[in-house]
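Read the structure below first, then the notes.
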Amino acid sequence: MEAGSHVPVVTIDGPSGSGKGTISREVARHLGWHLLDSGALYRLVALLGSLRGVPPEDVAGHAALARAMDVEFGGNGQGGERIRVDGADVTRDVRSETTGQGASRVAAWPAVRDALLERQRAFARAPGLVADGRDMGTVIFPAADLKIFLTASAEERALRRYKQLKEKGSGANLAALSREIAERDRRDSTRAVAPLAPAPDARIVDSTGMSIVQVVASVLAAGRAQGLWS
Ligand code: C5P
C-alpha cells in the first residue's frame, strides 16, 4: 500500500461462539469503521451451493459461486442485519447451525478461500476496517494494525450460540450445539489451509465470564494504547 493511503485494520479472529461477531460489530460501530464478517461469506457459499443444487463435494462449483455471488450486507431498519445474495433475502438461513457446518466444509477448500481473498481485502476502505473471522490476522490482513484473538471456554461458547439462536427464533439444542461446535473447532483448527490459529503478534483475549461491554472496552483500550485512535 502506498504511503498516505494507509487504511487502518483491526482483526478479530477466534473460534465459533467466541463473540467475535458481536464484538466486531460494536467496535466498528464505536469507531465508525467498516465491518467485514468473513464467516458470512463462507456461509453464503455453502447456502447458495445447497439452494442451487451444487453437489456437496463439487469444489470448483462452490469456488465459482464464491467468485460470482452478489452479496449485500445491510440493516433491517430495526437494528438487526439483513443479508441478500443474488437478490434473495437469506438473513435467517445464513445464521443457522446447518449453514455454519456447511461453511466449515467449503472453507477447508483452498479454491474457495482463494476465490474470496480479494473480495475480503476490498473491504479495507477509509476510515478503517474491523475484520472478523478465522484467518483475518494470519492470511487476509497480515499487516493489520491491531490483531485480537478472542476465545472463551467451550461451555460458554456453546451457551452463547444457544442463546443467540433462540433469540433469532431458531430451534436449538444445547448438547447438540456443543457437539457441533467442537466438531467445527476441530475441522477449522486442523485444516491444511489457513487453520484457525492466533497470529504470532495477536493479543489473546479470553472472554470467559466477561460482558460484551468489557470485551469491547478492552479492544478499544488496546487500540488506544497503540495510538490507533484517541
Ligand atoms: O464465524 P462463522 O461461524 O460465521 O464462520 C462459519 C465458518 O466459516 C467457520 O466455521 C469457518 O470454517 C469458516 N470461516 C473461515 N475463515 C474465516 C471465517 C469463517 O474458514 N475467515
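For ligands, and for the atoms within them, numbers begin at 1 and follow the listed sequence. Sequence positions, counted from 1, serve as the residue numbers for this chain.
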Taking distance alone, with no angle check, do Ser16 and ligand 1 share an N/O pair under 3.5 Å? no

Contact atoms of ligand 1, heavy-atom distance to Ala103 under 4.0 Å: 6 (C), 7 (C), 8 (O)

Quick one: closest heavy-atom pair of Gly21 and Asp132, and the distance? CA-OD2, 3.2 Å

Provide the number and element of each atom of ligand 1 under 4.0 Å from a heavy atom of Asp135. 16 (N), 17 (C), 21 (N)

Does any N or O of ligand 1 fall below 3.5 Å from an N or O anywhere on Ser38, backbone included? yes

Per-atom contacts of ligand 1 with Ala107, taking only distances under 4.0 Å to non-hydrogen atoms: 12 (O), 13 (C), 20 (O)

Rounded distance [0.5 Å steps], CZ in Arg134 versus CZ in Arg184: 6.0 Å

Any idea which atoms of ligand 1 are less than 4.0 Å away from a heavy-atom of Arg43? 2 (P), 3 (O), 4 (O), 6 (C)

Are Ser18 and Arg157 linked by a side-chain donor-acceptor pair shorter than 3.5 Å? no

Ignoring hydrogens, what is the shortest heavy-atom contact between Gly32 and Pro127? Give both atom names and the distance. O-CG, 3.5 Å

Thr99 (side chain) donor-acceptor with Asp93 (main chain) under 3.5 angstrom: yes

As an exercise, identify every atom of ligand 1 less than 4.0 angstrom from a heavy atom of Met136. 21 (N)

Which one holds for Arg161 and ligand 1: side chain close, backbone close, both close, or neither close, with close meaning a heavy atom under 4.0 Å? side chain

Taking every non-hydrogen atom, the tightest pair across Phe123 and Leu129: O-CD1, 3.5 Å

For atom 19 (C) of ligand 1, what is the closest protein heavy atom, and at what distance to 0.1 Å? Gly39 CA, 3.5 Å

Checking heavy atoms under 4.0 Å, the part of Arg187 that sits near ligand 1 is neither

Output, in order, the C-alpha distance, side-chain angles, deciding distance and verdict of salt bridge (Lys or Arg N to Asp or Glu O under 4.0 Å) for Arg67 and Glu118. CA-CA 10 Å; Arg67 257 189 307 275; Glu118 289 310 321; over 6 Å; no

With a 6.0 Å cut-off (strictly less than), is the heavy-atom count around CG of Leu174, excluding the residue itself, greater than 12? yes

Quick one: which ligand 1 atoms are inside 4.0 Å of a heavy atom on Gly133? 18 (C), 21 (N)

Give me the residue, atom name and distance of the protein heavy atom closest to atom 16 (N) of ligand 1. Arg113 NH2, 3.0 Å

Ligand-side contact atoms (ligand 1) for residue partner Lys20, heavy atom cut-off under 4.0 Å: 1 (O)

Pro198 and Thr138 have their tightest heavy-atom pair at C-CG2, 4.3 Å

Exercise: identify the closest heavy-atom pair between Arg95 and Ala40: NH2-CB, 4.1 Å

Which atoms of ligand 1 are found less than 4.0 Å from any heavy atom of Arg184? 3 (O), 5 (O), 6 (C), 7 (C), 9 (C), 10 (O)

Can you tell which part of Glu183 has a heavy atom less than 4.0 Å from ligand 1: side chain, backbone, both or neither? neither

Any nitrogen or oxygen of Arg134, side chain or backbone, less than 3.5 Å from one on ligand 1? yes

Closest candidate by heavy atom, reference atom 12 (O) of ligand 1, pool Leu36, Val94, Val45, Asp188: Asp188

Starting from atom 8 (O) of ligand 1, find the nearest protein heavy-atom neighbour and note its residue, name and distance. Tyr42 CB, 3.6 Å

Which atom of Arg84 lies closest to which atom of Arg82, heavy atoms considered: NH2-CD, 3.7 Å

